[in-house]
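Positions are given from 1, in the same order as the sequence printed here. Ligands are counted one by one from 1 in listed order, and the atoms in each one are counted from 1 as well.
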Amino acid sequence: MGFTVAEKLIAASLVDGEMKKGNRIGIHISQTLTHDVTGVMTYLEFEAIGLKRVKTDLSVSYIDHNILQADFKNPDDHRFLMDITSKYGILCTKPASGICHQLHLERFAKPGKSLLGSDSHTVNAGGVGMLAIGAGGLDIAMAMAGEPFYFTMPAIVKVVLIGELPSFVSAKNVILEILRRISVKGGLNTILEYTGPGIQTLNVTERATICNMGAEAGATTSVFLSDEITRYWFQAQGREQDWVPIFADEDAVYDRVIEINLSEMEPLIALPHQPDNVVLVRDAVGIDIDQVMFGGCTNSSLQDVMSIAHILAGKHVHGNIDTALYCGSRQVMTECVRRGIIEQLVGSGVRVMEMFCGACNGMGFAPPSNGKSVRTGPRNFIGRCGTDSANVYLTSPEVAAASALTGKITDPRDLGLTPWKYTMPSQFVIDERMFLQPKDIADDAPVRRGPNIKPLPEIESVPDELTGETLIKVGDDITTDHIIPAGAHFLPIRCNIPEVSKYAFKVVDESFSARAKEAGSGFIIGGHNYGQGSSREQAALAPRYLGVRAVIAKSFARIHLANLVNFGLLPFVFVNEADFDHFDQGDSLSIDTTVLQQGMQYAVCNHTKGIDVPVVTPLSQDELDIIRVGGRLNWIKQRNS
Ligand code: MIC
């Protein structure tokens, strides 16, 4: 039986386990990626492992999130990152050289290789046929230490694209359509593999856009084949030597098939507050808006900016709204400057910002109270933009540009514009002067640590019984932004667990942190897809720091489940989903954890309600053993001692 592209990529990196759906497998990681919000803790963890140099082919530390240097915290973090990466043999970018995923696609992504990144949108590199997976920082630290990355062998879904996208209906609409069909839960434990004649009409940055937001469906990763279109990208980036062809075998077998006719697609938009709340733009036109944000890792390529410029050409954004642009990299910005596009957009009233993630995760450009913001990024979780009462709509650059002109959600096809076709340059501007090369060998040069960089909290092993109260009960699709907020006030304190834990569940219940601290030990009750969204391991570590010992939910998002294991929190799944209704905040609970065994059924004793509820853990024995000793760092230290 032939292999799919995904199977070929996994097989090329497989070091443990059998590549059979549902099996736990381990892969070698050739490249790692971090950024400045997840990277500080990642390198503290790598330091705690005790190696002198990374063991990967390439590790890159990008500085692209915490760019608003409003006080010492972010510049201290950046200085720490530059010092510690140089010591360990890791490339580091200077601040605001571009968004990690755009830069990695331009300079380092390689078809056939594996990439693990401390950002859920690492999957962006799937656009060039790379096995690119988002994970928590500690998993990246382990990969840099040469340890295999373990995950559950996913089902492989064949997404067959036929036809060609119509004018003003760009690649973002494809992934919005996928989300509309399968929801933010539909990708759990799957790989989305794109194929069909329609992919011959998509260039590499369009393919990357589609892969990027596969993270919002909970997919383990997303991937395209590597063909002549891929090769063209590598030629244009001066990296043809990094290109290899990768195609699925004719007789490859897939678990499911989704078919999308690109020619029949219309502009789509995700309404607040979930990326799968997708409707036709024509059913949302006319909604007054307050601002438009062009950018984010999903849509900040040269093609995206040029498409925006085409729609705004000779016109000015509406007087009622604020409009900002974040180019994806210095390469994109330079290419735009050379074409006069930046001058044109400034003339159209667009605020041209620095090249970083920016407003996407609340790092500036926050909407006004109850504001309505149209954005081209990947996420619209409540509070993520920095204004809890605001409403964020996710759409394509074309719909965003049309909406910027009218001050309302607008279908670009209604503006009578002449269609425009992008031609990718045969040679991009290449300038790597903002990449800092590491020292050739590790030395004992000091690593400067600002006062906001706190030591990793100690985590004790799991006792024979867990007791405590239900500290909070939440519903389905709880995001990592619900658990640990994004935004300019909170991203800078991500490497300060005592401080950031004060804001745990802030957008759900501001009293949670104090209540948990007061109780000293307790449980979280959750619905389906608990922990969806980002790779931020603080969404596990902060609750653990506050005394949460277990999360009992209907189901878990992949990255967050791994983060719970890494920091010694036990995840339990209800055997009978209806039992979720038997729990209320404040209930006194206990679980006998004398034995932590794969496949074993446990009883959650709800002493307040006088009932015992059956639960299981969705974990392997290895993972349970890691939790038993208080998480992966304790486990690796014990193993290496
Ligand atoms: C995001 O898009 O939510 C982020 C900010 O990039 C996160 C990283 C983080 O939360 O630290 C992600 O996607 O993993």
Side-chain angles (χ1 to χ4, degrees), residues 32-43 45 61-68 74 77 81 98-104 115-125 132-140 184 211-221 273-275 293 295-300 326 328 356-364 375-386 392 394 478-497 500 503-504 507 531-542 557-560 562-563:
T32 63
L33 164 161
T34 62
H35 53 63
D36 54 330
V37 165
T38 51
V40 175
M41 187 156 289
T42 301
Y43 299 116
E45 290 155 351
S61 166
Y62 294 96
I63 298 182
D64 64 354
H65 278 65
N66 275 342
I67 299 303
L68 292 189
N74 290 341
D77 285 0
L81 288 171
I99 298 174
C100 57
H101 305 305
Q102 176 69 24
L103 283 169
H104 213 83
L115 167 68
L116 197 68
S118 61
D119 188 278
S120 57
H121 299 107
T122 299
V123 57
N124 195 75
I133 301 174
L138 184 47
D139 286 323
I140 282 70
V184 292
C211 288
N212 176 286
M213 273 186 78
E216 310 319 319
T220 301
T221 191
H273 298 281
Q274 284 284 354
M293 175 235 167
C297 55
T298 317
N299 283 112
S300 50
Y326 300 83
F356 74 120
C357 299
C360 177
N361 56 81
M363 193 51 71
R375 300 186 166 201
T376 62
R379 276 188 186 139
N380 59 350
F381 298 152
I382 197 165
R384 175 186 172 86
C385 62
V392 174
L394 304 175
I478 283 295
T479 74
T480 46
D481 284 285
H482 283 117
I483 304 171
I484 289 296
H489 301 290
F490 308 108
L491 291 184
I493 54 176
R494 283 280 195 78
C495 51
N496 181 341
I497 292 301
V500 78
Y503 305 98
V507 292
Q532 75 153 325
S534 100
S535 66
R536 64 191 72 154
E537 56 192 353
Q538 292 83 354
L541 182 50
R558 172 188 67 86
I559 299 180
H560 189 66
N563 286 338

> So, N380 and H273: side-chain donor and acceptor under 3.5 Å apart, yes or no?
Replying inline: no
> Looking at side-chain heavy atoms only, is the closest gap between V392 and M293 below 4.5 Å?
Replying inline: no
> Which of the atoms of ligand 1 are close to H65, meaning less than 4.0 Å from one of its heavy atoms?
Replying inline: 4 (C), 5 (C), 6 (O)
> Against heavy atoms of S120, which atoms of ligand 1 measure under 4.0 Å?
Replying inline: 12 (C), 13 (O), 14 (O)
> Evaluating non-hydrogen atoms only, which member of M41, R494, R384 is closest to atom 3 (O) of ligand 1?
Replying inline: R384
> Which of the numbered atoms in ligand 1 are below 4.0 angstrom from a heavy atom of T38?
Replying inline: 9 (C), 11 (O)
>> For H101 and N212, which I'm curious about, is there any donor-acceptor pair between the side chains at under 3.5 Å?
In response: no
>> Only heavy atoms of H121, strictly under 4.0 Å: list the atoms of ligand 1 that pass.
In response: 2 (O), 13 (O)
> Side-chain donor-acceptor pair under 3.5 Å between Q274 and Q532, yes or no?
Replying inline: yes
> Can you tell which of D36, T34, T42 makes a side chain to side chain contact (heavy atoms under 4.5 Å, CB included) with L81?
Replying inline: D36
> Nearest protein heavy-atom contact for atom 10 (O) of ligand 1: which residue, which atom, what distance?
Replying inline: R536 NE, 2.7 Å
> Among protein heavy atoms, which sits nearest to atom 7 (C) of ligand 1, and what does the distance come to when rounded to 0.1 Å?
Replying inline: S534 CB, 3.4 Å
> Side chain, backbone, both or neither: which part of D119 has a heavy atom under 4.0 Å from ligand 1?
Replying inline: both
> Taking the side chain from R379 and the backbone from G533, do they hold a donor-acceptor pair closer than 3.5 Å?
Replying inline: yes
>> Show the atoms of ligand 1 that are less than 4.0 angstrom away from any heavy atom in V37.
In response: 11 (O)
>> Ring-plane angle category for H104 and Y62, please: parallel below 30°, perpendicular beyond 60°, tilted otherwise.
In response: perpendicular
